[in-house]
Colleague: 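Okay, here's the structure, questions in a sec.
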Amino acid sequence: MPELPDVEMFRDYFNATALHQKVAKVSVSDDRVLEDTSARKLARSLKGKEFSSTRRYGKNLLADVEGSCVLRLHFGMTGNLKYYKDEDEDEELEHVRVLVDFENSYKLAYICQRMLGNVSVEESVEDFVRRKELGPDAMEISADELAEKLAGTRQSVKAFFMDQEKIAGLGNIYTDEVLFQCGIHPGKSCAKLDEKEAKELHKTIHRVVDYAVKHRADPRKFGGNYLLPRRGEGEPCPRCGGKIKKMKVSGRSAYFCPKCQKK
DNA sequence: GGTAATGTTAGACT
DNA sequence: TAGTCTAACATTAC
């Protein structure tokens, strides 16, 4: 799930639930999800405080703790949030790794089945971005800066968009959609993109992300001209009806239409 | 049993 | 140096 549009969903959910609630207790049931932060530090940073606002940077959700520090959540491939009062027999709660209890007796669970996500307490968002050497956020980067970055590398355009140090927020799924919408082959070298293509990519990132957020980041709800609902080998291309192909790029599966997406 | 899955990263290789 | 590939992390589903 968790690429940029999915993290926006988590942010909405967090804002509607845990925001402005006073933290009573923090428990970590598996500290492998903690990154550069001890369970003690996490508890000490949150206890007695409340989350005053949230932001998103790339695939990270950041919650400000009353101006003192920032709680950072990354969801890996299988991360999730759940706010609840009573433990029911919910299967979702099987993989809770961090649990925040609030004074209103509700709890916020950070769920991470495959442990590929991580949680930390940061001094500031800027600090975190610097430490991880993240590129500009995909929705914040200017058209000119994107064009400049693209021109500066010969790597494949698919690898570029998945590389969080180049541009932060897009992953395997949404990169496929953006490239499909632009009619660009995933294996095309960034340096070979012309000005028009670079501009088109910038515009399309915004269009695809806005569209995804509007549809609750659920590709099943996407309309007929989108690739994601039919992202599978041999599926019909939404544009030409030809067969969608699969290829490996940067160790991940890229799905594309060989007729509509050219090098 | 084998493989792939929305992510990231270290190390090997060209 | 730049870029690609593989394995590893942990778990589930087909």
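Throughout, a chain's letter reflects where its sequence line sits, starting with A, and its residues are numbered from 1.
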Colleague: dT1(C) and dT8(B): how far apart are their P atoms, nearest whole angstrom?
Modeller: 25 Å
Colleague: For the side chain of H215(A) and the backbone of A217(A), is there at least one donor-acceptor N/O pair under 3.5 Å apart?
Modeller: no
Colleague: Could you identify which residues of residues 207-215 of chain A place a heavy atom less than 4.0 Å from some atom of DNA chain B, listed by residue number, or say none?
Modeller: none
Colleague: Evaluate salt bridge (charged side-chain N to carboxylate O under 4.0 Å, His left out) for E197(A) paired with K192(A), printing each intermediate quantity in order.
Modeller: CA-CA 10 Å; E197(A) 286 174 311; K192(A) 288 194 172 159; over 6 Å; no
Colleague: Considering only NZ, NE, NH1 and NH2 on the basic side and carboxylate oxygens on the acidic side, decide whether R97(A) and D31(A) come within less than 4.0 Å.
Modeller: no
Colleague: Using only side-chain N and O atoms of K246(A), determine if any of them is under 4.0 Å from OP1 or OP2 of dA4(B).
Modeller: no
Colleague: Quick check on K25(A): does its NZ atom have over 12 non-hydrogen neighbours (other residues, nucleotides or ligands) under 6.0 Å away?
Modeller: no
Colleague: Is the terminal nitrogen or CZ of R231(A) (NZ for Lys, CZ for Arg) located under 6.0 angstrom from the six-membered ring centre of F180(A) and within 45° of that ring's axis?
Modeller: no
Colleague: Could you tell me whether D12(A) and R216(A) have a side-chain N and a carboxylate O separated by less than 4.0 Å?
Modeller: yes
Colleague: R252(A) side chain N/O closer than 4.0 Å to the phosphate oxygens (OP1, OP2) of dG7(B)?
Modeller: yes
Colleague: Treat a base pair as Watson-Crick or G-U wobble with both distances under 3.5 Å, then lay out DNA chain B in dot-bracket form, 5' to 3', with | for cross-strand pairs.
Modeller: .||||.||||||||
Colleague: Provide the closest heavy-atom pair for G234(A) versus K243(A) in the form atom of the first, atom of the second, distance.
Modeller: O-CG, 3.9 Å
Colleague: Establish, with yes or no, whether the OP1 or OP2 oxygen of dT8(B) is under 4.0 angstrom from a side-chain nitrogen or oxygen of H74(A).
Modeller: yes
Colleague: Compare side-chain N and O positions of T78(A) against OP1 and OP2 of dA10(C) and report whether any pair is under 4.0 Å apart.
Modeller: no
Colleague: Could you tell me whether E35(A) and R72(A) make a salt bridge, using a distance below 4.0 angstrom between a side-chain N and a carboxylate O?
Modeller: yes
Colleague: Taking any heavy-atom pair under 4.0 Å as a contact, classify F161(A): base, sugar-phosphate, or nothing.
Modeller: nothing
Colleague: In residues 112-119 of chain A, which ones come under 4.0 Å of DNA chain C, going by heavy atoms?
Modeller: Q113(A), R114(A), M115(A), L116(A)
Colleague: List, with names and distances, any nitrogen or oxygen atoms from the protein found under 3.5 Å away from nitrogen or oxygen atoms belonging to nucleotides 2-6 of chain C.
Modeller:
unit_1: dG3(C); atom_1: OP1; unit_2: T153(A); atom_2: OG1; d: 2.8
unit_1: dG3(C); atom_1: OP1; unit_2: R154(A); atom_2: N; d: 2.6
unit_1: dG3(C); atom_1: OP2; unit_2: T153(A); atom_2: OG1; d: 3.3
unit_1: dT4(C); atom_1: OP1; unit_2: S156(A); atom_2: N; d: 3.1

Colleague: Please enumerate all protein N or O atoms sitting under 3.5 Å from an N or O of nucleotides 9-14 of chain B, with distances to 0.1 Å.
Modeller:
unit_1: dT9(B); atom_1: OP1; unit_2: K132(A); atom_2: NZ; d: 3.2

Colleague: Is the shortest side-chain N to carboxylate O distance from E66(A) to K49(A) below 4.0 Å?
Modeller: no
Colleague: Is the phosphate of dA10(C), meaning OP1 or OP2, less than 4.0 Å from a side-chain N or O of H95(A)?
Modeller: no
Colleague: Please list every donor-acceptor pair under 3.5 Å in which a side-chain atom of residues 165-172 of chain A meets a protein atom from a residue at least two apart or in another chain.
Modeller:
unit_1: K166(A); atom_1: NZ; unit_2: Q155(A); atom_2: OE1; d: 3.1
unit_1: K166(A); atom_1: NZ; unit_2: D163(A); atom_2: OD2; d: 3.4
unit_1: N172(A); atom_1: OD1; unit_2: K158(A); atom_2: NZ; d: 2.4
unit_1: N172(A); atom_1: ND2; unit_2: S253(A); atom_2: O; d: 3.2

Colleague: Y174(A) side chain N/O closer than 4.0 Å to the phosphate oxygens (OP1, OP2) of dG7(B)?
Modeller: no
